[in-house]
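The structure appears right after this line, and notes come after that.
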Amino acid sequence: MKQLSTKVTSNGHGQDSSYFLGWEEYEKNPYDEIKNPNGMIQMGLAENQLCFDLIESWLVKNPDAASLKRNGQSIFRELALFQDYHGMPEFKKAMAEFMEEIRGNRVTFDPKNIVLAAGSTSANETLMFCLAEPGDAFLLPTPYYPGFDRDLKWRTGAEIVPIHCSSSNGFQITESALQQAYQQAEKLDLKVKGVLVTNPSNPLGTALTRRELNLLVDFITSKNIHLISDEIYSGTMFGFEQFISVMDVLKDKKLENTEVSKRVHVVYSLSKDLGLPGFRVGAIYSNEEMIVSAATKMSSFGLVSSQTQYLLSALLSDKKFTSQYLEENQKRLKSRQRRLVSGLESAGITCLRSNAGLFCWVDMRHLLDTNTFEAELDLWKKIVYNVKLNISPGSSCHCTEPGWFRVCFANMSEDTLDLALKRLKTFVESTDCGRMISRSSHERLKSLRKKTVSNWVFRVSWTDRVPDER
Amino acid sequence: MKQLSTKVTSNAHGQDSSYFLGWEEYEKNPYNEIKNPNGIIQMGLAENQLCFDLIETWLAKNPDAAGLKKDGQSIFKELALFQDYHGLPEFKKALAEFMEEIRGNRVTFDPSKIVLAAGSTSANETLMFCLAEPGDAFLLPTPYYPGFDRDLKWRTGAEIVPIHCSSSNGFQITESALQQAYQQAQKLDLKVKGVLVTNPSNPLGTMLTRREINLLVDFISSKNIHLISDEIYSGTVFGFEQFVSVMDVLKDKNLENSEVSKRVHVVYSLSKDLGLPGFRVGAIYSNDEMVVSAATKMSSFGLVSSQTQYLLSALLSDKKFTSTYLNENQKRLKIRQKQLVSGLEAAGVTCLKSNAGLFCWVDMRHLLDTNTFEAELQLWKKIVYEVKLNISPGSSCHCTEPGWFRVCFANMSEDTLHLAMKRFKQYVESTDSKRMISKSSHERIKSLRKRTVSNWVFRVSWTDRVPDER
């Protein structure tokens, strides 16, 4: 009898989900332009590989930052000893200013209210430990990042109750969905401690509208609960609209320094905007002193390496760099997203219209044999094993409608993206033939016929399509 | 109503202990040779500042390691993206070999059984999550590192039941103490999941004897529980005897690959041996596949920065460096410890005879007004506020006998240590006078008279003293 905890023996880590399994398949047979041109193309990893050249140039011009020097003098000793869980002051100041810059300097972030963590994975879990007891629940709009099942629930014992969003309105959060989720939690005898949203959304790639943010703030006010806004993708906004943070809304509603504002917390990380997931840099921002204090102590379990804090405080303190970076990042992401969207369109596939993120939320409902999650999984397996593209099925993101997939576009070269789209188009065209033959012989597809015929008409006519309205 | 978790509102983080309060006092008035010569000298921080020059020299000769380059080429992109919770293979290999080198290459460590963590703080907590449910207990010999109250209990909900050790045998672990602790846990209705020891010990500065380790292995075998050996100070052994790891004992008892060996886990870190607490590098070593697997997933909450993994894999792969370092580290620690011990002896104060660690366990029982913890706290306050030395009182380490203090020697310059000893000697001499006057007028000190008179005799005669036998 080994006597291991239930955290070990159960599968509460959520790692059996297809999200992680696709990743494993990729690892076995990864695409390489030269060494393995028929391998699997990774489109399930939300990494930002588009702007490394900008950071590399900066590093060449500023060698002290990585070499543990300041003005040519070694500060190795100072950094080696620095383990203060309050974090390096220069770094928190630079982070605060970077977060302000991303928000057009419309709101301010006080460095003292920042708590550093080893990535937003650590930041989110720590916030859960601070806000929820085992058996308490947080409401999350679906679809959501699969990692939350592990990050928010596994070791904390907290629960997630979904706020169901649907394609009928572009997956926006509605008042009735919020209320329904709250009631569902009550039915399950769970105490709701708050709502957690990712804004811009993963996997949707859309920024929350002002209307939704207002709704959320009103909701948590009336229920006297917390709101966590994970704004990890805030610097990936490439649409025409500017990013609206929950902090903007608090300011506009004149709620700064109120009781409500003390229940609104922002999570951030440099893993997506700057493309540095390996460096483990995350942060919690809270106006609630007790949270900042407790989270700071908890950060002992996941401090950011002082070596990394120093490098990044130098990088982010360079305002010339940050403004150029944010602008260029935006441009390249926009251009890359467009490439994916048109590539999909030429395969007769549409996406949710997106303006942020490193991925698109792709509508493959018309490619399903039946409107079921089993059919979604079948399609996913075909795409992974036959088309050799690792994409993320909507069910792994807890989407309530089958047929949606998250497809990443910023973690590969342009050529690889083009190849991926070519493979997908080939697959769709081949299955189109298959599907058109079987269509007439399967009664159960009758309900889909109207849409299927419309799609078939589309493909035949190749005219411009109106993208999904947001 | 803010609705924060009990983890926030209680003081289970243990931060109100004097251990941390002394630290705070120091922060307000820190000694500086030039700017603040009357400030508090920090002797409560177990840091190893003696060998930075060796690492700095290595860094100057190997600029690629910190410069994010390999053979002159930038590998920034590769490191920026590396977030695999299995860790950088080269780093785990180098760490395994370093751990073997510290143990005289008598035992082997398989890199695939290493789980990296953000410091041993994170490693210990993660192990707790893997082995204990809320309400389960681990037995720890007293005195122990004050941080364990937070690291092992706070977020995990586990309990610590002390194994009482006493000065009568040099604080060694005895069979009866183990059994008593086990029974005490049962009385408290706690399920004992294992024993955790720090070897070499913090705060004692002594290594566990082979007898004690055999006792522990037999105990956990018979009770079918776990043994965690935190060997964070394994590279600070400077005595004549070599370090005996629990891994040595398993090998010598032919228990490698047995069921028992799967319940023995080692924790390590580079914070003490290499003096790098800021870089957040810790590790769990376990022969139990399920523990390795679960702990690996949990390490997501505290991964080591890839920037740091790369730097240290280069450093530790250099065998010429590691052997020179370990040798030199040992020498310098030994010298410094001797300086502390003789400085204390000159003030009539003895220590537990130590052969490892960055501190001594100092016997100040004869300086107490009464044999109570209140008196210990009084003495501690005088030493902090009047003598201006921050040392750690035994009560903060859960010692069962009042009057013992942990005093660090490796986190300051030689000159500062001498100054600290000078201040301390002056204090003891001044209080000696007072004590001798008050001695005859306080009945309650009669029980201490014999020892006090002996000490008085010592101080008058200044002959060699026999140090506490271990």
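A note on names: the letters A, B, ... follow the listed sequences, proteins ahead of strands, and every chain is numbered from 1.
Going from atom CZ of Arg155(B) over to atom CZ of Phe129(A) covers 4.5 Å, rounded to the nearest 0.5 Å. With rounding to the nearest 0.5 angstrom, the CD1 atom of Ile55(B) is 4.0 Å from the CZ atom of Phe76(A). Here CD of Glu56(A) is found 10.5 Å from CD1 of Ile75(B). Values are rounded to the nearest 0.5 Å. Rounded to the nearest 0.5 Å, atoms CZ (Phe76(B)) and CG (Leu59(A)) are 5.5 Å apart. Atom CG of Leu81(A) sits about 8.5 Å away from atom CG of Leu45(B), to the nearest 0.5 Å. Taking CG of Leu131(B) as the reference point, atom NZ of Lys7(A) lies at 11.5 Å (rounded to 0.5 Å).
Dense packing is recorded around NZ of Lys223(A), with more than 12 heavy atoms of other residues, nucleotides or ligands lying under 6.0 Å away. Within 6.0 Å of NZ in Lys223(B) there are more than 12 heavy atoms belonging to other residues, nucleotides or ligands.
In terms of modelled atom types and a separation under 3.5 Å, the side chain of Glu133(A) and the main chain of Thr6(B) share a donor-acceptor contact.
Residue Leu68(B) touches chain A through its side chain alone, counting heavy-atom pairs closer than 4.5 Å. With a 4.5 angstrom heavy-atom cutoff, Gln307(B) touches chain A via backbone and side-chain atoms both. For a residue to count as touching a neighbouring chain, one of its non-hydrogen atoms must lie under 4.5 Å from one of that chain's; by this rule Asp136(B) does not touch chain A. At a 4.5 Å heavy-atom cutoff, the contact between Leu68(A) and chain B is made by side-chain atoms alone. Residue Pro277(B) touches chain A through both its backbone and its side chain, counting heavy-atom pairs closer than 4.5 Å. Interface residue Lys193(B): only side-chain heavy atoms are found under 4.5 Å from chain A. The contact between Phe82(B) and chain A is made entirely by backbone atoms, counting heavy-atom distances below 4.5 Å. There is no contact between Leu274(B) and chain A, counting heavy-atom distances below 4.5 Å.
When side chains are defined from C-beta on, Arg280(B) does not count as touching Arg280(A), because their heavy atoms never get closer than 4.5 Å.
Contact count versus chain B (heavy atoms, under 4.5 Å) is highest, among Ala66(A), Ala294(A), Pro63(A), for Ala66(A). Listed options Met298(A), Gln49(A), Glu47(A) were ranked by heavy-atom pairs under 4.5 angstrom with chain B; first place goes to Met298(A). Of the listed residues (Ser67(A), Cys130(A), Gly275(A), Gly282(A)), the one with the most heavy-atom contacts under 4.5 Å to chain B is Cys130(A). Contact count versus chain A (heavy atoms, under 4.5 Å) is highest, among Gly302(B), Ser306(B), Ala80(B), Ala294(B), for Ala80(B). In terms of non-hydrogen atom pairs under 4.5 Å with chain A, the most contact-rich of Asp84(B), Val304(B), Asp53(B), Asp151(B) is Asp151(B). Comparing Leu311(B), Val281(B), Asn411(B), Ile225(B) by how many heavy-atom pairs each has under 4.5 Å with chain A, the most go to Leu311(B).
Ser305(A) and Ser305(B) share no side-chain donor-acceptor pair at under 3.5 Å.
Across Ser300(A) and Arg150(B), no two heavy atoms sit closer than the pair OG-NH1, 3.4 Å. Across every non-hydrogen atom of Ser74(A) and Glu56(B), the tightest pair is OG-OE2, 3.3 Å.
Using the six-membered ring where Trp is involved, Phe301(B) and Trp154(A) have ring planes that are tilted, between 30° and 60° apart.
Here Glu90(B) pairs with nothing under the side-chain hydrogen bond (donor to acceptor under 3.5 Å, both in side chains) rule; sequence neighbours left out. Checked against salt bridge (charged side-chain N to carboxylate O under 4.0 Å, His left out), Glu27(A) has no partners two or more places apart in sequence or in another chain. Applying the salt bridge (charged side-chain N to carboxylate O under 4.0 Å, His left out) test to Lys28(A) and every residue at least two apart in sequence or in another chain returns Glu25(A).
Taking non-hydrogen atoms and a 4.5 Å limit, the residue list of residues 117-126 of chain B in contact with chain A, ordered by number, reads Ala118(B), Thr121(B), Ser122(B), Glu125(B), Thr126(B).
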